[in-house]
Q: 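Can you read through this structure? Questions will come right after.
A note on names: the letters A, B, ... follow the listed sequences, proteins ahead of strands, and every chain is numbered from 1. In what follows, every heavy atom counts, from backbone to side chain, and hydrogens, waters and symmetry copies are set aside. Predicted, not measured: the structure shown is a model, and the values here were computed from it.
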There are 2 protein chains.
Amino acid sequence: MRTRRKPELQVVGASPRATATNQRRRQSEILDAAAKIFAERGYYGASTQDIADVLGIRQASLYYYFPSKEIALELVCMKGVEGFFEAAAEVAAKKITAAEKVHGLVEAHLAPLLDRADYVKTFLNERQYLPPASRKKVGKLSRAYENVIEKVIAEGVESGEFRKGLDPRLMTLALLGMCKSVSAWIGKDDPYQVPMVAEQYARILLKGIGKTRR
Amino acid sequence: MRTRRKPELQVVGASPRATATNQRRRQSEILDAAAKIFAERGYYGASTQDIADVLGIRQASLYYYFPSKEIALELVCMKGVEGFFEAAAEVAAKKITAAEKVHGLVEAHLAPLLDRADYVKTFLNERQYLPPASRKKVGKLSRAYENVIEKVIAEGVESGEFRKGLDPRLMTLALLGMCKSVSAWIGKDDPYQVPMVAEQYARILLKGIGKTRR
DNA sequence: GCCGGATTCTATAGATCAATAGATAGATCG
DNA sequence: CGATCTATCTATTGATCTATAGAATCCGGC
């Protein structure tokens, strides 16, 4: 038996002629719900019914806004990855030491966890389930981002600011690994706040990267 | 339409009276296949048909060996987590410096990726999908393991070997995060070998933990 | 008060999947 | 040889899930 839904008085945009805006707002609400559920249960563990439940609408109504579950995943992943490259590139372009850049990169990587954690988590954990075409698209952005980080580290090694013989790729993977895992526990039982974690993680990384002080 | 399977001449244990052993061997083959598929596609992304295909048997035949997909996941996860606590405890009990212990902990954490990567990956990524009872069981082992690490770090901080004011819990999460991510790319396109990664990662961590040298 | 577009609903098709029931082939044993 | 046991198979059920089709409702504007 189905539970019938309350009329749920429609809070429609006050201003008239804002239909296009309203539609975009609603689409973004739908995506928020999808991101939340995907992040929580994984792509295959999440049903479209689960997403509809978050919104208090019927499962089929979702298809007015997106054509398939896979497309929804793609949109969520894209929104989860977007901005990472730009933010990193901005940090990398600054006229600061490589160490300060690494600090900035960690901060920039963790910052999105504050305002769109579900999107980022879904991108990090579920992008593997994208259909090939989307996966390539997302993977491209992702690799470009990683390359920015790798370059910063490589330059730090070349300039002698970081320890000689350090493998920039491996170091990048270490940074990404540390940061990725944060999304798994931040906001859970642990009382840690994003800026503090960024501070500490950058410190851990840097004192390991930097040459031993004399 | 089904593709009919070849008779596939039965390679049964040569020695008689080895039925119990054979059964155990077969069960472990089934689990290997399950671990492989779970690690590859995730629990919900993997069908029992996929597992059967690896073995060249019918989907229903799996149920001769395990009672449900969930139980299979539990067995895989248990095998994926087992030994971690013991190996870590052994390292922690040694009469060596805290730095050497951290090094040993990283090595011990990554070592299982050599001989049972699929089990470890499944434990790391899919344990969230276990039914509550199993999840608690696995989580208990997991937490005990993490506590060993945390204690080693805390002792290093107390003894003054590591930087003062360091948060042992956060440091543990950093170590685990770095190490967890290794399972995602080791053996893929990257040419890195486990012992070398362990060496480098321990180094990164330690030079960050250790007090600045004078 | 009615029109028309926007949004959500009901109902259902079609596919997939885990799990069960019962049959069977081959090995083992008395 | 005949009985039993083991491992697998065939066949199917029932649940779940994505996606589609078309009806119903809401709401601003006329």
Q: Does B:Gln59 make a side-chain donor-acceptor contact with the base of C:dA19, cut-off 3.5 Å?
A: yes
Q: Does C:dT7 have OP1 or OP2 sitting under 4.0 Å from an N or O in the side chain of A:Arg26?
A: no
Q: Base, sugar-phosphate, or nothing: which does A:Ser61 touch, judged by heavy atoms less than 4.0 Å apart?
A: base
Q: Are the side chains of A:Lys79 and A:Leu75 in touch, meaning some heavy atoms are under 4.5 Å apart?
A: no
Q: Nearest-Å distance, CZ (A:Phe66) to C1' (D:dT18)?
A: 10 Å
Q: Once you round it to whole Å, what is the distance between C1' of D:dT8 and CD of B:Gln27?
A: 15 Å
Q: Taking OP1 and OP2 of C:dT8, is either one under 4.0 Å from a side-chain nitrogen or oxygen of A:Tyr64?
A: no
Q: As a test of reading the structure: which of D:dA21, C:dA18, C:dT20 is closest to the side chain of B:Ala60, going by heavy atoms?
A: C:dT20
Q: Mind calculating the distance between NZ (B:Lys69) and P (D:dT16) to the nearest angstrom?
A: 14 Å
Q: Can you classify the ring geometry of B:Tyr145 versus B:Phe84 as parallel (below 30°), tilted (30 to 60°) or perpendicular (above 60°)?
A: perpendicular
Q: What's the OH-C1' distance between B:Tyr44 and C:dT16, to the nearest Å?
A: 16 Å
Q: Return the value, rounded to whole Å, for the distance between atom OH of A:Tyr65 and atom P of C:dC9.
A: 10 Å
Q: Do B:Lys121 and B:Glu40 sit within salt-bridge range, that is, some charged N less than 4.0 Å from a carboxylate O?
A: no
Q: Rounded to whole angstroms, how far apart are OH on A:Tyr63 and P on D:dC17?
A: 12 Å
Q: May I have the distance from A:Glu29 (atom CD) to C:dT7 (atom P), rounded to whole angstrom?
A: 11 Å
Q: Any side-chain N or O of A:Gln23 below 4.0 angstrom from OP1/OP2 of C:dT7?
A: yes
Q: Nearest to the side chain of A:Ile57 - D:dT18, C:dA18, C:dC9?
A: C:dC9
Q: If I take atom CZ in residue A:Phe38 and atom P in nucleotide D:dT18, what distance separates them, rounded to the nearest angstrom?
A: 9 Å
Q: Just by modelled atom types, is the B:Ala174 backbone N or O under 3.5 Å from a matching donor or acceptor in the A:Tyr201 side chain?
A: yes
Q: Is A:Arg143 salt-bridged to A:Glu146, cutoff N-O under 4.0 Å?
A: no
Q: Taking any heavy-atom pair under 4.0 Å as a contact, classify A:Ala72: base, sugar-phosphate, or nothing.
A: nothing
Q: What does A:Ala52 touch in the nucleic acid at a heavy-atom separation under 4.0 angstrom: a base, only the sugar-phosphate, or nothing?
A: nothing
